[in-house]
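Each chain gets a letter, A, B and so on, in the order the sequences are listed, and its residues count up from 1.
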There are 2 protein chains.
Amino acid sequence: MPKNKLSTSDRILQSALQLMKEKGFQLVTIKEIAEAAHVSEMTVFRHFETKKGVLEAAIERNTVVPGFKQTLDKDLVFDLEKDLLQIAHLYLDLMKRYESICLIAVQERASMPELVDLVSDNTEQLKGYITAYFNTMQEEGKMKQTDSYTQASIFLATLFSYFISTALWKEKFITVAKEKFIKNSVQTFCYGLQP
Amino acid sequence: MPKNKLSTSDRILQSALQLMKEKGFQLVTIKEIAEAAHVSEMTVFRHFETKKGVLEAAIERNTVVPGFKQTLDKDLVFDLEKDLLQIAHLYLDLMKRYESICLIAVQERASMPELVDLVSDNTEQLKGYITAYFNTMQEEGKMKQTDSYTQASIFLATLFSYFISTALWKEKFITVAKEKFIKNSVQTFCYGLQP
DNA sequence: TATGTTAGTTAGTAACAACTAACATATGTT
DNA sequence: AACATATGTTAGTTGTTACTAACTAACATA
């Protein structure tokens, strides 16, 4: 079945996702998708019936259920700096995998408001785990007494900012390199800026 | 000239901006704009010639040159927490005024990549001022020795995250209220999370 | 009263997009 | 050889959209 490397279906889905992540669902035409996948328009319709069908298939192929719980239970060492670094990488890796879907969810938030749930459900879950982690750390006296949920929100927000601004505009807003951004964020979160 | 409250032109521009901020430029039709402004399509064309003309006029009416420099020189007291609070409000107020333009810049980043400059130019400028401020604070021993530019980036990134996620999805991602978000962010930046 | 300004109505054009239908071709399998 | 499967080609339908043109109506001002 695979002639070159990817099957026809896969090539179509890959091209479609790439184009839709750049321009959104409605602004991409079947013609563009077909050209990018080196097939005729008819082939696209034969595989997926409708344009919406292409998107749905592409989403299905790109959604994964992330296993935060296990990863966190396994890797957390209850050292604030080390753990925040772990969490930061975990979150950014997750968002990277959801990059296309997230960008389509941005573009189509008026026409397909349910799309964003695919991303926000995971984020909410992770936020919950971080909140619980902060609570534990506070009980153990390893962290200041603060509102864990708010702190979890702010920590993820900082990382989300890095993700979304590079996804949308490359280095236009954030020119700092990823690792440097993460490292400095975590350190600031842990120790603050005051001397 | 003003019959009710706003002139016809203003009503058109206001409706157009509202619609485009929700759906982007290309996905809004003149028909929608005309209906929202309670005029006929012809009236829209008579006032602005083309659809692009509507956008350009709307942008012109909504861009302001912000006077950071004066505001900062006037209000900074060189107390880290107080100053970061000021800066946070300054930045979020600015972004609020650019909300529509920024959202259109998101939607049309493939077709009008120059749009985002209207927002990022201001942000870059402010980032520069914050960097300089951090440098001063470090010289005065009121702040840890760190990379000022990176810290300025991270601080603005955190705020940008609040702005963009509420602009795109209301409370879907960040449920924490604005003032609480700002206050906690600033405190974390100043004092960190470690006890 | 005459005139200019502003807006509405109606009809139409040209381009493009999603999708359908019918037919043709290549390739591999039985 | 016979057949199924995957793909291409071509032509068409239907709906939408930006934009134009021509005519009309209301209203304010000179």
Side-chain angles (χ1 to χ4, degrees), chain A residues 1-61 100 103-104 107-108 110-112 115, chain B residues 1-61 100 104 107-108 110-112 114-115:
Chain A
M1 196 78 53
K3 199 175 60 178
N4 262 351
K5 204 178 165 181
L6 288 157
S7 73
T8 304
S9 283
D10 285 339
R11 248 182 309 138
I12 293 171
L13 292 182
Q14 193 179 289
S15 303
L17 210 58
Q18 175 62 32
L19 285 163
M20 288 178 186
K21 131 185 185 179
E22 287 165 14
K23 309 169 42 168
F25 172 75
Q26 294 182 78
L27 289 179
V28 169
T29 66
I30 299 287
K31 197 179 170 186
E32 284 178 292
I33 295 171
E35 273 167 18
H38 303 292
V39 297
S40 75
E41 289 184 55
M42 268 312 298
T43 302
V44 178
F45 283 113
R46 271 194 275 249
H47 276 268
F48 304 103
E49 302 248 322
T50 63
K51 188 179 166 188
K52 189 84 188 278
V54 177
L55 175 62
E56 280 161 6
I59 286 177
E60 201 172 346
R61 225 162 248 242
S100 299
L103 290 178
I104 297 171
Q107 303 282 94
E108 302 302 328
S111 56
M112 306 175 187
L115 252 189
Chain B
M1 195 83 47
K3 200 173 63 179
N4 262 349
K5 206 179 166 183
L6 288 158
S7 72
T8 304
S9 284
D10 285 340
R11 248 182 309 137
I12 293 171
L13 291 182
Q14 193 179 288
S15 303
L17 210 59
Q18 174 63 31
L19 285 163
M20 289 178 186
K21 127 185 188 181
E22 287 166 14
K23 309 170 42 170
F25 172 76
Q26 294 183 78
L27 289 179
V28 169
T29 66
I30 298 286
K31 197 177 171 189
E32 284 177 292
I33 295 171
E35 273 168 16
H38 303 292
V39 296
S40 76
E41 288 184 56
M42 269 311 298
T43 302
V44 178
F45 282 114
R46 269 194 278 252
H47 276 267
F48 303 103
E49 302 248 324
T50 65
K51 189 180 166 188
K52 190 83 188 278
V54 178
L55 174 62
E56 281 161 7
I59 286 176
E60 201 171 346
R61 223 160 249 242
S100 300
I104 297 171
Q107 302 281 97
E108 302 302 328
S111 56
M112 307 175 188
E114 73 286 358
L115 252 189

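- Residues passing the side-chain contact (heavy atoms from CB on, under 4.5 Å) test with B/E41 are B/I30, B/K31, B/A34, sequence neighbours excluded.
- A/A58 is linked by a side-chain contact (heavy atoms from CB on, under 4.5 Å) to A/L13, A/L17, counting only residues two or more places apart in sequence or in another chain.
- In DNA chain D, stems built from 3 or more consecutive Watson-Crick or G-U wobble pairs, each with both distances under 3.5 Å, span C:1-30 with D:1-30.
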Sort me out a list of protein N/O and nucleotides 14-16 of chain C N/O pairs below 3.5 Å, or just none if empty.
none

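- Less than 4.0 Å separates DNA chain D from at least one heavy atom of each of the following residues of residues 37-55 of chain B: B/M42, B/F45, B/T50, B/K51.
- With sequence neighbours excluded, the residues forming a side-chain hydrogen bond (donor to acceptor under 3.5 Å, both in side chains) with A/S9 are A/H47, listed by chain and number.
- Listed by chain and number, the residues in a salt bridge (charged side-chain N to carboxylate O under 4.0 Å, His left out) with B/E32 are B/K23 (sequence neighbours excluded).
- Among residues two or more places apart in sequence or in another chain, the side-chain contact (heavy atoms from CB on, under 4.5 Å) test is passed with B/Q26 by A/L27, B/E108, B/S111.
- Residues from residues 12-27 of chain B that place a heavy atom under 4.0 Å from any atom of DNA chain D: there are none.
- In this view, B/R46 satisfies the salt bridge (charged side-chain N to carboxylate O under 4.0 Å, His left out) rule with no residue, not counting sequence neighbours.
- The list of side-chain hydrogen bond (donor to acceptor under 3.5 Å, both in side chains) pairs with a residue in residues 12-21 of chain B, not counting sequence neighbours, reads B/Q18-B/E22.
- A search for side-chain contact (heavy atoms from CB on, under 4.5 Å) contacts involving A/S40 returns A/M42, A/T43, not counting sequence neighbours.
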